[in-house]
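Below is one structure, written out as structure tokens, with a few remarks after it.
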Amino acid sequence: MIGGFSILLWIGAAFSWISFGIQLAQGVDSAFDNLYLGVVLALVVILTGIFAYYQEAKSTNIMASFSKMIPQQALVLRDAEKKELPADQLVVGDIVEIKGGDRIPADIRLIFTQGCKVDNSSLTGESEPQSRSCDFTHENPLETRNIAFYSTTCVEGTATGIVINTGDRTIIGRIASLASGVGNEKTPIAIEIEHFVYLVAGVAISIGVLFFIISVSMRYKILDSIIFLIGIIVANVPEGLLATVTVSLSLTAKRMAKKNCLVKNLEAVETLGSTSIICSDKTGTLTQNRMTVAHLWFDNQIYSADTSEDQTTQSFDQSSPSWAALSKIVTLCNRAEFRPGQENLPIMKRVVVGDASETALLKFSEVILGDVMNIRAQNKKVAEIPFNSTNKFQLSIHETDDPHDKRFLLVMKGAPERILERCSTIMINGKEEPLDSEKAEAFQTAYMELGGMGERVLGFCHLYLPENEFPETFQFDTDSMNFPTSNLCFVGLLSMIDPPRSTVPDAVSKCRSAGIKVIMVTGDHPITAKAIAKSVGIISATSETVEDIAKRLNIPVEQVNRREATAAVVNGMELKEMSAEQLDEILREHAEIVFARTSPQQKLIIVEGCQRQGAVVAVTGDGVNDSPALKKADIGIAMGIAGSDAAKNAADMVLLDDNFASIVTGVEEGRLIFDNLKKTIAYTLTKNIAELCPFLIYIIASIPMPIGTITILFIDLGTDIIPSVALAYEKAESDIMNRRPRNKRRDRLVNEQLAVYSYLQIGIMQSVGAFVTYFTVYAEQGFLPSTLLGVRVDWESNAINDFEDSYGQQWTKYQRTYLQWTGYTAFFVSITIQQVADLIIRKTRRNSIFRQGLFRNKVIWVGIFSQIGIALILTYGLGHVTALNFTPLRFQYWFVAVPFAILIWVYDEIRKLLIRRYPGSWWDKNMYY
Amino acid sequence: MATLNEKKTCSERMADFRRFVWNPETKLFLGRSLINWVWISLYYVAFYVVMSGVFALSIYCLMRTINPYEPDYQDQLKSPGVTIRPDVYGSRGLQIYYNVSDNKTWEGLVTTLHTFLTAYTPAAQHLNINCTNNTYFIQETFDGPNKTKLSCKFTSDMLQNCSGITDPTFGYPEGKPCFIIKMNRIIKFYPGRGIAPRVNCTYVGEESRPLEVDYYPVNGTFNLHYFPYYGKKAQPSYSNPLVAVKFLNITKNVELKIVCKIIGAGITFDNVYDPYEGKVEFKLKIED
């Protein structure tokens, strides 16, 4: 409600009231007009202020979610007795006791532990519970074992510790205060709008002051000069524009929400469009966040499996008997099960009880073989050894489904090298062949290759137990292992990966053509990270890292020219050692970067590094610890499904489907709205000149006032609103994703060309058209243009009631005033008519309107009809309300400005034609906005 | 949201601005090279010349369509306005206050009347003809010299006692002031539908005594032969007919509100917005 245009309008309102006061004291009849004008101006400011506040109020406070995390009670040893205290009363040095299930009430150093494990996932993202002891194991407080952190949970065991940090000084508190301390800086669009407001306000004030001086030096009364000043300010300020921009942004936000980008901060809509670097998480964002079988190796051959989201068919060769054997092992040696009652769901969507690998195997076999549970039922399990970390294998023994075959089948899966150790034969095309060194070599090659793709590899083997040694009644004992676990028959390998989402490679290549650098930041192993990066195109097929080059040329890594490598995989440990300059160098030198094994804290460092390059950075994140990075980034993107509340609060945008591809659609929308806002502003600014010129000509040539201040407000806040919003629905002129992100220092929303073209060319044409209408109306009623010049003082005099026109007829004051209102209406109508042409030409900035299609954007037509409709209502419906200064206009005056509207259209088409014909020319540089 | 705009000090801003005005490295003046300025100026000169041409052409076309004798529309001139002489406007309309014993207060009023009537001397009216018919003076053809139409003579002596000839003070010192009522000209307006419209002055409000008025010419009528008016081009020497009113029984030292209406078919005086349509209202206060 203050600042920018509002302050100008407040000044206008204040001047109105001052002149009302003076005129009232002088006893002038028309004094109340100024009072009303001031009230209207104040209302405009207050209403737009309320509108803006309503939009602001929607934004949420990040600290709210942190406050929810405070634990209620802590068990403290004070004054030699144990007390339950609220956690916020803890002080440094207190001794607290913790048991399994408790939330840790402060940062504590442990002095006694018993099997204590803590879940640090909210802090570091590690999902495995971490064991805690009293030993100091690492310099870094985050790494050492003897510190437990505020807000994490103790999963099991008990511990006693000394409080070392409380409240905001705790690690998580620091993250929280960092997140809130990073603060809301201005968004790129806010800066652009501010720039635009400065520009327009500058024009308004300089013209206003200039003409104030002119009118004073032309011996106008100071009071009159002030009233002119108000008119000039009102004409210059696009009252409706800021509301229009807000509406346009929220329309885009709605459209983005439909595409799974929920925008919390309206201005972030555009920020996304100007993004030049996206730092993306891997798991869940780029990948499906689900282990899936990617490759198989049997019969000495690697087969690829379908890893798309809905793997309905598997196309590898399933005719080999080896596959039959392998599939049996995969099916049987598996403890995972579908939750009951999901028969109607697609297999990929069913919920499974079991770990990630087993789930992958279960779904894989269910897709290929059909009802796995039925197969398992037919091959009754008689014994089982589950997976454990010492054995590194899993084993089960089954009856066969062949009623004539009374043998037991032993199946085993596990770490490939451990499985191979236990095998003496290998199955090739269904036949068992001895496992010689050549075959072992083949196995090694395949294993390395699959591992090199960043996949988790499992080996499978089996053995039919001889019927004579193990009769049907044999009792298997898994503790004593009264059955063979060596000399088995190796069948094959299966490798699994969390595969990329199928839409991601496309989205990444779109980013690439849009000039957006995609950086992967993940906690995963570098090999896996690189494999995924390659498969989604973050590292393109042809580019190499320094390590790749070294390997190819067979030279040490140090000798490689770093500039030759386009890609880089940076390990979190390396990143820790790096200085800011080194990081800058990596970000500068390499086009394709993957950060692996990074801690979430390092994300913030990466974001800051990118911002030092002058980039507009988008960052994805889900954990609490991501919130500083999300906040620091120009646009923080939280995951809607996996994201924590703190991350969602810190973010500017929430990805409802956690899918990277949605970000790219968001970018597209963001770029589109930037272009469309340009069009909206160009449209809105144009008529300011047509509103301003009347005042200037009125002052200089002393003609009867061509347009009233109230009438101007009816254009700015009436006829023009819907059309300017309609431009937000305009489709892109060309593929906006083939262009580089806008340079936030050079590509301004309102640049010189836009302002100059709108103000000094189209605006002037509009003014000419409107003045022709004005002169037509007066001439046809008896006042020829030559008579009008210089008549202002007599015209406005209440004491002259026999004012002579060009034909010798005599007019009373009211008759003249009514004619003046007719002039206002005519001027208003011709601006409206020409704004229709202005609206149409603003649909495109470069292409011909006919290429863009006149009818593709239906909302534009809603805009045009609303514009004309409102004008009709004002002139004919409210034409009898004298306070509004509208009169029922003769119908033909609606068409006086039509030739000028056509002229505007033709002129703009010529402008666009020349821009297209001569790119880079003087014309292009000066006429393209 | 991160920091995008660095805070600049005032001196840096000034330096930036100076650099914008004249950048010695790139030789840019206000962001353009000098030759670029020449080009852009030439373009705008050409553009505005063309636009002025378009505007001039439009006005020329407009003037071509305009009838020089009468306007296309008379939307606001349905009923004539009425003015009074002398006219002194205060903050609330016409206020004629004077003191009979102080001739400075009414000399101005008398001068106004004399000045006004100079247009009605026989010398000023010599181009006009004497009309005797009491009907509309309808002229289909241009009978006057230089393709004009004839106008009827109205001389100030027709106002008899209020002509300023017999009584150069118009009765002001006696407290029986003359006022001249004039009806605004409207082209081809036929007031009264064949019956000459007349002026009727009354008090406004609760004045007990009726207002005694002498009307000149007799009955305070506007003779029909002054109508219709054919416009400045057709009747260059046309003068509005006048009616003079002489108030005879004005109470001294009291502000009186008087309205003079023109009674006649086609003349309305009930427009709430326009106080001068078909009537003229004024305040009169004569002190002694």
Side-chain angles (χ1 to χ4, degrees), chain A residues 26-29 182-188 191 265 267-268 271 607 611 616-617 631-635 652 744 752 760-761 764-765 768 771-772 775-776 779-782 784-785 798-799 801-802 804-816 818-819 822 882 890 899-900 903 922 926, chain B residues 1-5 31 36 39-40 43-44 47-48 51-52 54-55 58-59 62-63 65-66 68-77 80-84 87-94 182-187 189 229-236 238 240 271 273-277 280:
Chain A
Q26 289 176 348
V28 180
D29 285 336
V182 168
N184 273 316
E185 297 286 340
K186 281 182 186 137
T187 59
I191 291 170
N265 175 353
E267 287 165 356
T271 314
V607 171
Q611 283 175 337
V616 176
V617 188
K631 204 81 177 157
K632 179 76 199 166
D634 297 293
I635 177 158
D652 305 294
K744 62 188 176 190
E752 182 201 321
L760 297 185
Q761 298 189 23
I764 293 292
M765 287 168 133
V768 170
F771 266 106
V772 167
F775 281 124
T776 307
E780 296 197 334
Q781 296 284 351
L784 299 183
N798 282 320
N801 282 298
D802 49 0
E804 209 166 300
D805 68 13
S806 312
Y807 294 92
Q809 304 184 98
Q810 291 168 320
W811 297 62
T812 65
K813 173 73 199 311
Y814 177 79
Q815 286 163 345
R816 294 196 303 272
Y818 196 86
L819 176 61
T822 312
T882 50
R890 280 181 176 271
F900 290 89
L903 180 69
W922 178 87
N926 284 288
Chain B
M1 290 291 156
T3 318
L4 280 170
N5 57 335
N36 205 330
W39 278 116
I40 196 99
Y43 182 79
Y44 275 97
F47 180 81
Y48 290 135
M51 283 321 292
S52 316
V54 169
F55 181 69
S58 311
I59 297 297
L62 170 67
M63 298 307 289
T65 63
I66 294 285
Y69 289 99
E70 53 187 282
D72 295 359
Y73 305 112
Q74 295 170 301
D75 292 340
Q76 272 76 65
L77 301 177
V82 177
T83 53
I84 190 167
D87 48 350
V88 180
Y89 285 85
S91 64
R92 298 268 179 271
L94 284 161
K182 176 171 76 78
M183 190 163 74
N184 281 351
R185 294 193 290 256
I186 296 176
I187 289 175
F189 179 65
Y229 174 55
Y230 284 106
K232 201 154 80 175
K233 194 173 167 73
Q235 291 178 303
Y238 179 89
N240 303 34
N271 184 341
Y273 300 111
D274 191 350
Y276 298 98
E277 185 183 307
V280 61

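Proteins come first, then strands; the chains are lettered A, B, ... in the order of their sequence lines, and each starts at number 1.
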> In terms of heavy-atom pairs under 4.5 Å, which option from B/Asp87, B/Ile40, B/Ile59 contacts chain A the most?
Replying inline: B/Ile40
> Could you walk me through whether B/Thr83 and A/Gln810 pass the side-chain contact (heavy atoms from CB on, under 4.5 Å) check?
Replying inline: CA-CA 10 Å; B/Thr83 53; A/Gln810 291 168 320; over 6 Å; no
> Would you say B/Asn184's side chain and A/Asn801's backbone share a donor-acceptor pair under 3.5 angstrom?
Replying inline: yes
> A/Gln761 versus chain B, heavy atoms under 4.5 Å apart: side chain, backbone, both or neither?
Replying inline: both
> Hey, does A/Phe900 have a side-chain heavy atom less than 4.5 Å from the side chain of B/Val54?
Replying inline: yes
> Between B/Phe189, B/Tyr238, B/Trp39, B/Tyr230, which has the largest tally of heavy atom pairs under 4.5 Å with chain A?
Replying inline: B/Trp39
> With a 4.5 angstrom heavy-atom cut-off, which part of A/Leu784 approaches chain B: side chain, backbone, both or neither?
Replying inline: side chain
> For the candidates B/Val280, B/Asn271, B/Val88, B/Asn240, which exhibits the highest count of non-hydrogen atom pairs separated by less than 4.5 Å from chain A?
Replying inline: B/Asn240
> Can you say whether B/Pro236 sits under 4.5 Å from chain A via the side chain, the backbone, both, or neither, judging by heavy atoms?
Replying inline: neither
> What part of A/Arg816 is in contact with chain B, defined as an atom under 4.5 angstrom from a non-hydrogen atom: side chain, backbone, both or neither?
Replying inline: neither
> Given a strict heavy-atom distance threshold of 4.5 Å, which part of B/Tyr43 is in contact with chain A: side chain, backbone, both, or neither?
Replying inline: side chain
> Which distance, rounded to the nearest 0.5 Å, do you find between the CG of A/Asp805 and the NZ of B/Lys232?
Replying inline: 7.5 Å
> When rounded to the nearest 0.5 angstrom, what is the spacing between CD in B/Gln76 and CG in A/Leu819?
Replying inline: 5.0 Å
> Looking at A/Val617, A/Thr812, A/Leu903, A/Val772, which has the largest count of heavy-atom pairs under 4.5 Å with chain B?
Replying inline: A/Thr812
> For B/Tyr73, is it the side chain, the backbone, both, or neither that has a heavy atom closer than 4.5 Å to a heavy atom of chain A?
Replying inline: both
> Side chain, backbone, both or neither: which part of B/Tyr44 has a heavy atom under 4.5 Å from chain A?
Replying inline: side chain
>> Checking B/Glu277 against A/Tyr814 for the side-chain contact (heavy atoms from CB on, under 4.5 Å) test, could you report, in this order, the C-alpha distance in whole Å, the side-chain angles of both residues, the deciding distance, and whether it holds?
In response: CA-CA 9 Å; B/Glu277 185 183 307; A/Tyr814 177 79; 5.5 Å; no
> Does any heavy atom of chain A fall under 4.5 Å from the side chain of B/Gln74, the backbone, both, or neither of them?
Replying inline: both
> Looking only at heavy atoms, which two atoms of B/Gly81 and A/Gln815 are closest? And how far apart?
Replying inline: N-NE2, 4.4 Å
> Is it the backbone or the side chain of A/Trp922 that comes under 4.5 Å from a heavy atom of chain B, or both, or neither?
Replying inline: side chain
> Who among B/Val82, B/Thr65, B/Asp72 has the most heavy-atom pairs with chain A under 4.5 Å?
Replying inline: B/Asp72
> Between B/Asn36 and A/Asn926, is any pair of side-chain heavy atoms under 4.5 Å apart?
Replying inline: yes
>> Please classify the contact of B/Tyr229 with chain A as side chain, backbone, both or neither, using a heavy-atom distance under 4.5 Å.
In response: side chain
> By a 4.5 Å heavy-atom criterion (distance strictly below it), what part of B/Leu62 contacts chain A: side chain, backbone, both, or neither?
Replying inline: side chain
>> Contact between B/Ile66 and A/Tyr807 at the side-chain level, heavy atoms closer than 4.5 Å - yes or no?
In response: yes
> Based on non-hydrogen pairs under 4.5 Å, which of A/Thr776, A/Leu760, A/Val768 is most in contact with chain B?
Replying inline: A/Leu760
>> With chain A as the partner, which of B/Met63, B/Gln235, B/Met183 has the greatest number of non-hydrogen pairs under 4.5 Å?
In response: B/Met63
>> How close do B/Arg185 and A/Gly808 get, counting heavy atoms only, and between which atoms?
In response: NE-O, 2.7 Å
> Using non-hydrogen atoms only, which part of A/Thr822 is less than 4.5 Å away from chain B: side chain, backbone, both, or neither?
Replying inline: side chain
> Side-chain contact, heavy-atom cut-off 4.5 Å: B/Tyr276 with A/Asp802?
Replying inline: no
